[in-house]
Amino acid sequence: MTVPTAMRAAVAEQFGPTVNVEEIDLPKPGPFQALVKLHASGICHTDLHAVEGDWPVKPQPPFVPGHEGVGEVVELGPGEHSVKVGDMVGNAWLWSACGECEFCRTGRETYCKQAEYGGYTQNGSFGEYMLVDTRYAPRIPEGADPVEVAPILCAGVTVYKGLKEAETKPGQFMVISGVGGLGHVAVQYGVAMGMRVIAVDIADDKLELAKQLGAEFTVNAKTTDPGEAVQEYTEGGAHGVLVTAVHPDAFGQAIAMCRSNGTIVFNGLPPGEFPAPIFDIVLRGITIRGSLVGTRQDMAEALDFYARGKVKPHVTACELDDVNEVFENMRNGKIAGRMSIKY
Ligand code: NAD
Ligand code: ZN
Ligand code: ZN
């Protein structure tokens with residue numbers, strides 16, 4: 001295949017509500033890197049945080065967002081690679097890590113201080129081509145539909161890892177708070193892992209989707225107190241709560257929904273703070289932990305659930321030129337499941 005010298009990409013030129021779709025130079029793969037021709041890329045709410053620059057740790061414009069990219073290797077940089085030209089690979093939030101530090105050596109590579117992040121510290125998948133580090137790039141299961149599998153690369157692996165971190169057993173109650181891109185696959189992973197899934201959101205259409213995907217009980221937190229509703233339904237609170245919502249209110253509500261000795265895992269990353277009642281947390285022995293995407297092993301497992309048909313992202317395809325419109329809809333909570341760019 002002949003590789004062009006320029007490509008179209010969505011570039012965040014400065015922090016703000018929109019990106020510019022424009023022509024930029026094609027990058028050259030360095031050592032351990034591959035050039036990938038994209039077939040699809042999911043659009044994660046993290047991309048919106050990145051473009052708006054609303055997190056304490058910011059990317060440096062100009063940059064190309066996107067960390068749910070799926071495509072084929074077209075060129076390999078110098079060195080040995082475990083992938084070859086033509087292989088289907090992805091990018092991910094965990095674009096690379098140092099491989100040497102305490103976190104890397106002990107299976108916690110997502111917390112490596114030298115980690116690079118796809119679409120944040122490294123240009124991502126909102127363009128016709130991207131670079132990946134072949135030591136870290138996820139391998140896409142054979143025969144997977146690129147548009148459909150893309151959301152597994154961030155939403156899927158993040159909630160799958162989050163659910164593992166919740167230490168909730170089959171048959172126990174698991175609340176998924178926020179049924180967006182992350183949450184709608186979380187419902188499916190939870191069901192596949194044998195949990196009794198309860199979904200909480202502030203939009204009835206999201207809750208309807210959660211029901212279709214296997215949630216046995218749903219609560220609209222806008223109209224009903226989610227703490228009271230979940231305490232009553234579960235007779236004492238959910239064993240696990242996974243918060244994927246994009247509003248700090250949901251983080252405070254997690255404590256009220258949780259059972260004594262239960263575990264709350266935070267995946268969502270809205271800027272801000274939430275009230276945490278010390279007395280309640282201590283007397284009920286509640287664990288609260290954060291969880292950041294997943295390791296390469298978590299990724300392989302999360303993709304395997306997809307390959308075996310246990311989870312199926314609800315995806316709508318769009319074009320690169322639609323990214324600003326998708327961001328606007330995302331801001332307003334108007335997306336069902338995930339939007340995925342088809343190249
Ligand atoms: P999304 O926009 O697709 O979904 C967010 C959902 O939250 C929507 O369904 C919305 O209705 C719901 N919501 C809003 N306010 C709520 C409230 N008060 N209570 C309950 N639900 C509420 O976003 P997404 O792509 O699923 O991402 C969710 C968050 O997770 C973002 O902040 C993103 O940056 C973060 N994220 C974190 C990780 C990680 O590794 N921890 C990975 C990916 C994404
Ligand atoms: Zn993401
Ligand atoms: Zn490291």
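We count ligands from 1, going down the list as the structure has it; atoms in each ligand are counted the same way.
Using a 4.0 Å cut-off between heavy atoms, W55 contacts ligand 1 through its side chain alone, with no backbone atom that close. Neither the backbone nor the side chain of A221 has a heavy atom within less than 4.0 Å of ligand 1. Contacts with ligand 1 closer than 4.0 Å are made by side-chain heavy atoms of C154 only, the backbone lying farther away.
R8 places no side-chain N or O within donor-acceptor distance of the main-chain N or O of E22, the cut-off being under 3.5 Å. Of the possible polar contacts, one joining the Y111 side chain to the L292 backbone as a donor-acceptor pair under 3.5 Å is found.
Counting only heavy atoms of the protein, atom 37 (C) of ligand 1 lies nearest to N267 O, 2.9 Å. Atom 33 (C) of ligand 1 has its closest protein heavy atom at T46 OG1, 3.3 Å. The nearest heavy-atom contact from the protein to atom 23 (O) of ligand 1 is H45 CB, 3.1 Å. Looking only at heavy atoms of the protein, atom 39 (C) of ligand 1 is closest to T158 CG2, 3.4 Å. For atom 12 (C) of ligand 1, the closest non-hydrogen atom of the protein is D201 OD2, 3.4 Å. If you check which protein heavy atom lies closest to atom 17 (C) of ligand 1, you get I202 CG2, 3.7 Å.
Note: F274 and F266 have perpendicular aromatic rings, judged against thresholds of 30 and 60 degrees for the angle between ring planes. The aromatic rings of W55 and Y120 are tilted relative to each other, their planes meeting at an angle between 30° and 60°. Relative ring orientation between W93 and H67 is described as perpendicular, the plane-to-plane angle rising above 60° on a 0-90° scale split at 30° and 60°.
Those atoms of ligand 1 with a heavy atom of G181 less than 4.0 angstrom away are 1 (P), 3 (O), 4 (O), 26 (O). Atoms of ligand 1 found under 4.0 Å from any heavy atom of M330 (numbered from 1 in listed order, with element): 2 (O). Near G178, the atoms of ligand 1 lying under 4.0 angstrom from a non-hydrogen atom of the residue are 7 (O), 21 (N). Against a heavy-atom cut-off of under 4.0 Å, A250 is close to the following atoms of ligand 1: 19 (N). For ligand 1 and H247, the ligand atoms under 4.0 Å from any heavy atom of the residue are 15 (N), 18 (N). Contact atoms of ligand 1 toward V246: 5 (C), 7 (O), 14 (C), 28 (C), 29 (C), 31 (C), 32 (O) (distance under 4.0 Å to a heavy atom of the residue). Each of the atoms 9 (O) of ligand 1 lies under 4.0 Å from some heavy atom of V179. Atoms of ligand 1 lying under 4.0 Å from at least one heavy atom of R338, given by number and element, are 24 (P), 25 (O).
The cationic atom of R308 (NZ for Lys, CZ for Arg) does not lie both less than 6.0 Å from the six-membered ring centre of Y306 and within 45° of the ring axis.
Ion pairing between a basic and an acidic side chain is recognised when a charged N comes within 4.0 Å of a carboxylate O; E301 and K161 show no such pairing.
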Given K211 and E208, is the salt bridge (Lys or Arg N to Asp or Glu O under 4.0 Å) satisfied, shown in steps? CA-CA 5 Å; K211 269 201 184 133; E208 193 45 52; 5.1 Å; no

Under the criterion salt bridge (Lys or Arg N to Asp or Glu O under 4.0 Å), I'd like the reasoning laid out for E328 against K334: C-alpha separation, chi angles, the key distance, then a yes or no. CA-CA 9 Å; E328 185 55 21; K334 293 270 175 276; over 6 Å; no

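Within the 4.0 Å heavy-atom shell around ligand 1 one does not find A203.
Tested against R338, the residues E148, H314, E68 include a single side chain to side chain donor-acceptor pair (under 3.5 Å) partner, E68. Of the residues listed (I140, N91, D145), the one engaging V70 in a side-chain contact (heavy atoms from CB on, under 4.5 Å) is I140, and it is the only one.
Within a 6.0 Å radius of CD in Q212, other residues, nucleotides and ligands contribute more than 12 heavy atoms.
For the Zn ion (ligand 2), the count of nearby protein N, O or S atoms, meaning those under 2.8 Å away, is 3.
In this structure, the separation between OG1 on T244 and CG on L182 is 5.5 Å, given to the nearest 0.5 Å.
Around the Zn ion (ligand 3), the protein N, O or S atoms found under 2.8 Å comprise C98 SG, C101 SG, C104 SG, C112 SG.
When the options N329, T244, L292 are ranked by their closest heavy atom to atom 28 (C) of ligand 1, first place goes to T244.
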